[in-house]
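Scroll down for the structure; my scribbles are underneath it.
Values reported hereafter were calculated over all heavy atoms of this structure, with side chains retained and with hydrogens, waters and symmetry mates removed. When a ligand or atom number is given, it counts from 1 through the structure's own listing order.
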Amino acid sequence: MSTKKYEFLSLGTVNAPYMPALEAAVEGVLHSGRYIGGPEVSDFEHKLAAICGCTHAIGVSNGLDALRLILRGYIETGVFSEGDEIIVPANTYIASVLAISDARLVPVLVDADEATSNLDTTKALAAITSRTKGIMPVHLYGRICWDENLEKAATQLGLKIIEDNAQAIGARSSFAGLNGSHTTGSLGHAAAFSFYPTKNIGALGDAGAVTTSDTGLAEAVRALANYGSDTRYHNIYRGVNCRLDPIQAAILNVKLDFLEQENARRRVLAEIYGTHINNPSVRLPRNDGEACVWHQYVVHTADRKQFTDFLDANGIGWDMHYATPPHMQPCYSRADSRELLIPTSLEVTERLAAECVSLPVSACTSPEDAHEIAGIINSFKAS
Ligand SMILES: *Cc1c(COP(=O)(O)O)cnc(C)c1O
């Protein structure tokens, strides 16, 4: 048995190569005498809009707030109103669903597509009612969720498509989105980003952003995040304070320049796992090329306890994304039909949750490590 340890993720290791540049960036803010807004935040916003190919990016406090601000922005501009239904994948991190609840809209949970773990868009179309106003595809694990069904929902049925892009910054779709761009963040009408430290591009604290090419929505989101103020001491909305911290913006300006390298590194590891893991007990994720940035590399196995015990015994770090889906969390377990709708079986979501195991795919894992991990996994035998 090998004694080498394969770490799942260590943020110190991830950020080590950036330290001198991060120190300089933070020091710049420290000595600037300006600690809210300022050039770091606007530079960040320009960089992110350019990456996505959209007109507006607004730096905000975190990914959940980014989603909340988009939904609230649509309410304030008269596009959504209380009680409207928003379709969201049942197989997601709970933040996607919480944002909809928080805006007093009704989350409609739709099952996953087994082949991608993402929203089954055919089932999503079938779940549309006269109260449905939007769909929130989540690009889970870094894999784009975008196809002709979502395009149809937007162009023929007039629904708003809100990307939860917390996990897929820089992924490129073979389909053009609604704005003609192929990059996540500009496929739908609006998108939420998270720069939580473990994301592909992580801040050193909480940070997030909203992107859109809808100028009305962008103005509403910017005002809402700043006390509802459109100009100084003039409040058009009962807003909140969800601004992006300029220290985090300065950090992100350093790291965003390495987005392509960071995503390419993950693709190399996924490619190694995909070609070298060959074990009938372990189902591998599909390789979608440029359309996946591998925020997580998630395999599925019916023998999960045995498999994770085996990984532990071999020093291979792992995690689960996510073992309990939102509808099975205590906060939603007694929700009624005004709070949450589940129009179809969530059988695929529940099976994925019972079988998922995430393998190491961060900067802590070298290509050699990935080869070794694949070899070890090939010797796993479920009894
Ligand atoms: C991380 C994440 C969020 C929330 O982002 P925070 O910055 O942690 O608030 C939302 N949705 C998904 C899919 C996420 O992975």
Side-chain angles (χ1 to χ4, degrees), residues 9 11 14 44 48 57-72 86-103 107 109-110 112 116-119 134-146 161-171 184-185 187-188 190-211 221 225 240-245 247-249 251-252 255-256 263 266 292-298 319-327 329 331-332 349 352-353 356 358 361-362:
L9 177 65
L11 293 174
V14 168
F44 163 80
L48 186 64
I58 301 124
V60 302
S61 36
N62 58 61
L64 175 58
D65 285 344
L67 289 167
R68 293 167 65 215
L69 287 161
I70 292 168
L71 297 171
R72 178 92 196 268
I86 307 295
I87 292 172
V88 62
N91 191 41
T92 184
Y93 180 56
I94 196 166
S96 323
V97 188
L98 291 176
I100 299 170
S101 296
D102 181 75
L109 299 183
V110 169
T116 60
S117 295
N118 273 334
L119 177 69
I135 303 184
M136 184 186 288
V138 180
H139 306 306
L140 198 68
Y141 311 145
R143 180 185 310 277
I144 288 183
C145 178
W146 186 262
I161 312 292
I162 300 154
E163 302 170 70
D164 180 338
N165 194 31
Q167 302 191 358
I169 184 170
T184 54
L187 298 174
F193 288 70
S194 167
F195 299 95
Y196 184 78
T198 63
K199 302 285 155 98
N200 286 28
I201 296 294
L204 304 187
D206 278 311
V210 171
T211 57
V221 166
V240 288
N241 177 353
C242 289
R243 295 178 300 229
L244 174 63
D245 180 336
I247 294 182
Q248 298 304 335
I251 286 163
L252 290 170
K255 295 184 74 178
L256 276 177
N263 285 345
R266 288 172 184 267
C292 185
V293 294
W294 301 103
H295 173 58
Q296 300 295 348
Y297 189 92
V298 178
D319 205 337
M320 287 176 193
H321 300 91
Y322 300 91
T324 308
H327 70 282
Q329 294 288 355
C331 67
Y332 283 119
T349 296
L352 292 172
C356 64
S358 307
V361 75
S362 78

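Note: Phe195 and Phe44 meet the aromatic proximity criterion, with ring centroids under 6.0 Å apart.
With sequence neighbours excluded, the residues satisfying salt bridge (Lys or Arg N to Asp or Glu O under 4.0 Å) with Arg143 are Asp288.
Panel note: side chain Asn91, backbone Ala353; no donor-acceptor pair is recorded below 3.5 Å. Using a distance-only test at 3.5 Å, with no hydrogens or angles considered, no donor-acceptor pair links the side chain of Asp319 to the main chain of His321.
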Run through all N or O atoms in ligand 1 and write down each protein N or O closer than 3.5 Å, as a pair with its distance.
| from | atom 1 | to | atom 2 | distance (Å) |
| --- | --- | --- | --- | --- |
| ligand 1 | 5 (O) | Ser194 | OG | 3.2 |
| ligand 1 | 7 (O) | Gly63 | N | 2.8 |
| ligand 1 | 7 (O) | Ser194 | OG | 2.6 |
| ligand 1 | 9 (O) | Gly63 | N | 3.3 |
| ligand 1 | 9 (O) | Leu64 | N | 2.9 |
| ligand 1 | 11 (N) | Asp164 | OD1 | 3.3 |
| ligand 1 | 11 (N) | Asp164 | OD2 | 2.8 |
| ligand 1 | 15 (O) | Gln167 | NE2 | 2.7 |
| ligand 1 | 15 (O) | Lys199 | NZ | 3.0 |

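The local environment of OH in Tyr322 is crowded, with over 12 non-hydrogen atoms from other residues, nucleotides or ligands closer than 6.0 Å.
Exactly one residue among Ile161, Asn118, Thr184 makes a side chain to side chain contact (heavy atoms under 4.5 Å, CB included) with Trp146. That residue is Ile161.
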